[in-house]
A.B. asks: 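Got a structure for you, questions after.
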There are 2 protein chains.
Amino acid sequence: MTAKSKTSTSEGAPGAVWFRPEKQSRTKPLLTQDKIVSAAVELLDRDGVRQLSMRKLADRLQAHATSLYWHVSTKDDVLDLALDAVFGEVRLPVESGPSWRDDIIAFMAELRRVLLDHPWAAALASTRPLAGPNALARSEFVYAALAAAGFGRADVLAAGAAVSNYVIGSVSAESVWRHQDEAGTRSALAEHLRAREADYPALAGNFPADGGDWQAHFDRGAQYLVAGMAATAGLE
Amino acid sequence: MTAKSKTSTSEGAPGAVWFRPEKQSRTKPLLTQDKIVSAAVELLDRDGVRQLSMRKLADRLQAHATSLYWHVSTKDDVLDLALDAVFGEVRLPVESGPSWRDDIIAFMAELRRVLLDHPWAAALASTRPLAGPNALARSEFVYAALAAAGFGRADVLAAGAAVSNYVIGSVSAESVWRHQDEAGTRSALAEHLRAREADYPALAGNFPADGGDWQAHFDRGAQYLVAGMAATAGLE
DNA sequence: ACCTGAACACCGTTCAAGT
DNA sequence: ACCTGAACACCGTTCAAGT
């Protein structure tokens with residue numbers, strides 16, 4: 001009986017290895033943190049932060065929601081990791097150029113570009129500490145550039161914060177208007193302002209009919225900031 | 001029989017009005033949009049945006065969650081209304097002063113004060129169009145001040161946006177660090193940076209041990225912005 | 001007109017159980 | 001070590017029903 005069952009499975013027989021499914025595939029996990037994070041970024045890009053759930057995320061990975069918790073301890077972890085992955089897309093120059101102003105301006109434009117690529121990211125960045133390795137590396141770049149330019153400690157701290165906060169605040173606003181029903185709410189607001197021109201004369205008079213040039217406004221604001229930094233700290 | 005029941009309830013008898021519960025209390029709704037919104041602001045202040053649910057909000061008003069939907073059509077409505085109520089706390093001067101720079105600086109400080117009073121508000125403002133009457137009135141003030149100062153249209157638009165975006169971005173970051181486990185994450189980050197000083201020399205060298213002077217950094221950044229606006233537009 | 005109650009289709013997360 | 005399944009305590013919202 002025992003002998004029969006042994007031979008019927010032929011477990012230890014010579015050559016049997018080749019006909020057995022690779023044990024490797026069992027030892028290598030189906031899910032990894034990296035896979036979870038990239039799937040999260042894809043879903044966030046497609047549907048936004050409010051639509052992301054652990055169940056949908058697991059579905060996309062052909063796994064069960066509860067399986068995610070082996071690799072990640074909460075949904076907040078997923079969001080923190082996804083956000084830092086986005087910061088990882090910000091390209092930094094290998095070394096700083098001759099003009100700190102150009103470096104800072106270029107950094108702001110690049111950060112804006114990446115955040116606009118992921119319309120959920122800027123608003124999400126407003127809700128949590130940016131302490132992931134990619135976010136820190138980007139902060140390090142700004143601080144180092146400012147310190148190298150000759151800014152004192154107080155200016156490095158204030159200017160470093162101002163640069164990030166201006167970009168994140170601006171891109172949040174832009175993402176809201178660009179992705180949350182582009183034409184709809186904007187034209188509704190335009191109509192609303194026209195109807196109440198007496199209450200909001202300056203607003204009604206300046207509100208851009210065509211939607212406005214986000215990039216131009218952003219760049220101009222960035223110029224204000226660096227020009228003010230230069231003037232206040234006496235650096236050119 | 002019918003006569004008896006009539007007299008037993010004495011519905012129409014003279015003097016009966018005084019002993020009957022006021023019909024007014026039935027005709028006047030228990031819930032109003034205003035009550036819902038102020039309760040929402042209280043709960044948001046106490047527990048944050050993630051803890052707010054329609055059920056908890058209704059509980060606090062001694063009503064059922066489903067009753068709220070008579071006065072408000074979605075939870076998003078509640079959030080929009082609560083946020084605009086906060087903007088209503090921003091005090092604007094009755095008329096602008098002699099210096100547009102002082103007016104703008106004062107506005108930024110006042111907006112920051114109010115947003116810090118409601119730590120959920122700045123981050124929430126990053127996620128939706130700010131089109132409520134109070135938010136619009138505050139934008140109107142900024143645009144009007146800039147236009148009166150002599151800024152051209154492009155500068156009014158860019159500077160008006162920059163002012164709001166800088167404040168909202170800055171207060172979001174400050175609220176995160178001040179309210180989301182004040183000491184905990186900050187000291188964890190300090191420790192983390194110290195351990196990786198080689199990776200983040202500028203960051204580690206400048207990271208404030210005591211938590212930093214948020215107000216001072218904010219004010220300095222505001223100065224950069226208005227100084228840059230003045231210089232770029234050639235106005236003093 | 002305003003409020004309630006039941007119901008639907010979801011959530012994040014825990015934990016024992018499987019392999 | 002990694003994944004599944006059942007379960008818990010929630011969600012926002014709809015809609016028929018009550019008053």
Side-chain angles (χ1 to χ4, degrees), chain A residues 9 11 20-41 43-44 46-83 120 124 127-128 180-181, chain B residues 9 11 20-41 43-44 46-83 120 124 127-128 180-181:
Chain A
T9 55
E11 259 191 347
R20 235 185 287 139
E22 293 189 59
K23 207 79 185 259
Q24 279 292 26
S25 67
R26 275 277 164 199
T27 208
K28 181 176 299 183
L30 298 175
L31 257 34
T32 63
Q33 206 177 74
D34 277 359
K35 280 189 196 166
I36 292 172
V37 172
S38 3
V41 171
L43 285 183
L44 286 164
R46 205 188 59 189
D47 301 326
V49 80
R50 307 181 58 169
Q51 286 301 314
L52 185 72
S53 76
M54 295 299 268
R55 290 171 215 254
K56 289 182 191 161
L57 180 53
D59 261 9
R60 164 165 271 244
L61 292 162
Q62 312 207 71
H64 291 226
T66 51
S67 306
L68 301 174
Y69 287 86
W70 180 262
H71 304 274
V72 117
S73 58
T74 61
K75 185 184 176 184
D76 270 321
D77 274 18
V78 175
L79 292 175
D80 280 328
L81 291 165
L83 185 57
W120 48 277
L124 189 63
T127 68
R128 54 227 308 127
Q180 182 169 315
D181 166 29
Chain B
T9 55
E11 261 191 345
R20 234 185 288 134
E22 293 189 59
K23 207 75 182 264
Q24 280 291 26
S25 67
R26 274 278 162 198
T27 208
K28 179 176 301 178
L30 299 173
L31 257 33
T32 63
Q33 205 177 74
D34 277 358
K35 280 188 196 167
I36 292 171
V37 172
S38 3
V41 171
L43 285 182
L44 288 164
R46 205 188 61 191
D47 302 325
V49 80
R50 306 181 60 168
Q51 284 301 313
L52 185 73
S53 76
M54 295 300 266
R55 291 170 215 255
K56 288 182 191 162
L57 181 53
D59 261 10
R60 164 165 269 242
L61 293 162
Q62 313 206 67
H64 291 226
T66 51
S67 306
L68 300 174
Y69 288 86
W70 181 262
H71 304 274
V72 117
S73 59
T74 61
K75 185 185 177 184
D76 270 322
D77 275 17
V78 175
L79 292 175
D80 280 328
L81 291 165
L83 185 58
W120 48 276
L124 189 63
T127 68
R128 53 228 305 126
Q180 183 170 314
D181 166 29

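First the proteins, then the strands, lettered A, B, ... as listed; each starts at 1.
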A.B. asks: Near DNA chain C, under 4.0 Å by heavy atom, which residues of residues 51-60 of chain B?
C.D. replies: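 Here the set is empty: none.
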A.B. asks: Run the side-chain donor-acceptor check on residues 61-70 of chain B: report pairs under 3.5 Å with partners two or more places apart or on a different chain.
C.D. replies:
unit_1: B:Ser67; atom_1: OG; unit_2: B:His64; atom_2: O; d: 3.4

A.B. asks: For B:Ser38, enumerate each residue passing the side-chain contact (heavy atoms from CB on, under 4.5 Å) test, keeping only those at least two apart in sequence or located in another chain.
C.D. replies: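 With sequence neighbours excluded, B:Ser38 shows a side-chain contact (heavy atoms from CB on, under 4.5 Å) to no residue whatsoever.
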A.B. asks: Scan residues 66-79 of chain B against DNA chain D and write down, sorted by residue number, each residue with any heavy atom closer than 4.0 Å; if none is found, say none.
C.D. replies: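 Heavy-atom contacts with DNA chain D come from B:Thr66, B:Tyr69, B:Thr74, B:Lys75.
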A.B. asks: Give, for atom CG of B:Asp76 and atom CZ of A:Arg50, the distance between the pair rounded to the nearest 0.5 Å.
C.D. replies: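 Interatomic distance, B:Asp76 CG to A:Arg50 CZ, rounded to 0.5 Å: 4.0 Å.
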A.B. asks: Rounded to the nearest Å, what distance is computed from the CG atom of residue B:Leu61 to the P atom of nucleotide C:dC2?
C.D. replies: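 These atoms are roughly 16 Å apart.
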A.B. asks: B:Gln33: which residues meet the side chain to side chain donor-acceptor pair (under 3.5 Å) condition with it, sequence neighbours left out?
C.D. replies: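 Result, side chain to side chain donor-acceptor pair (under 3.5 Å) vs B:Gln33: none returned.
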A.B. asks: How is the base pairing of DNA chain D summarised as a dot-bracket string, given the Watson-Crick and G-U wobble criteria with both distances under 3.5 Å, [ ] for crossing and | for another strand?
C.D. replies: ||.|||||...|||||.||
A.B. asks: Grab the CD-C1' distance between A:Gln62 and D:dC2 for me, whole Å please.
C.D. replies: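 Atom-to-atom, A:Gln62 to D:dC2, this comes out as 17 Å.
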A.B. asks: In whole angstrom, give the distance that lies between atom NE2 of A:His64 and atom C1' of D:dT4.
C.D. replies: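 Value for this atom pair: 6 Å.
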A.B. asks: Holding to side chain to side chain donor-acceptor pair (under 3.5 Å), I want the full list of residues that pass it with A:Lys56, two or more places apart in sequence or in another chain.
C.D. replies: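 If we apply the side chain to side chain donor-acceptor pair (under 3.5 Å) test to A:Lys56, skipping adjacent residues, the hits are A:Gln51.
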A.B. asks: Going by side chain to side chain donor-acceptor pair (under 3.5 Å), name the residues that satisfy it together with B:Asp47, two or more places apart in sequence or in a different chain.
C.D. replies: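 B:Asp47: no side chain to side chain donor-acceptor pair (under 3.5 Å) contacts found.
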A.B. asks: Nearest whole Å is fine: how far is D:dT4 C1' from A:Leu31 CG?
C.D. replies: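 The answer, rounded to whole Å, is 12 Å.
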A.B. asks: Could you tell me the separation between the CD atom of A:Gln33 and the P atom of D:dC2, rounded to a whole number of Å?
C.D. replies: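 Computing the A:Gln33:CD to D:dC2:P distance gives 12 Å.
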A.B. asks: Suppose we screen for salt bridge (Lys or Arg N to Asp or Glu O under 4.0 Å). Which residues come up paired with A:Asp77, at least two apart in sequence or across chains?
C.D. replies: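 With sequence neighbours excluded, A:Asp77 shows a salt bridge (Lys or Arg N to Asp or Glu O under 4.0 Å) to no residue whatsoever.
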A.B. asks: Rounded at 0.5 Å granularity, tell me how far CD1 in B:Ile36 sits from NE2 in B:His71.
C.D. replies: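 These two atoms lie 5.0 Å from each other.
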A.B. asks: Which salt bridge (Lys or Arg N to Asp or Glu O under 4.0 Å) pairs, counting each pair once, include a residue from residues 59-69 of chain B, with sequence neighbours left out?
C.D. replies: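 Of all non-adjacent pairs touching residues 59-69 of chain B, those that pass salt bridge (Lys or Arg N to Asp or Glu O under 4.0 Å) are B:Glu42-B:Arg60.
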A.B. asks: Indicate the atoms forming the closest heavy-atom contact of A:Ala82 with A:Leu44, along with that distance.
C.D. replies: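 Distance-wise, the nearest heavy atoms are CB-CD1, 3.9 Å.
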A.B. asks: Does A:Leu124 have any side-chain contact (heavy atoms from CB on, under 4.5 Å) partners at least two apart in sequence or in another chain, and if so, which?
C.D. replies: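 Residues passing side-chain contact (heavy atoms from CB on, under 4.5 Å) with A:Leu124: A:Val49, A:Leu79, A:Leu83, A:Trp120, A:Thr127, A:Arg128.
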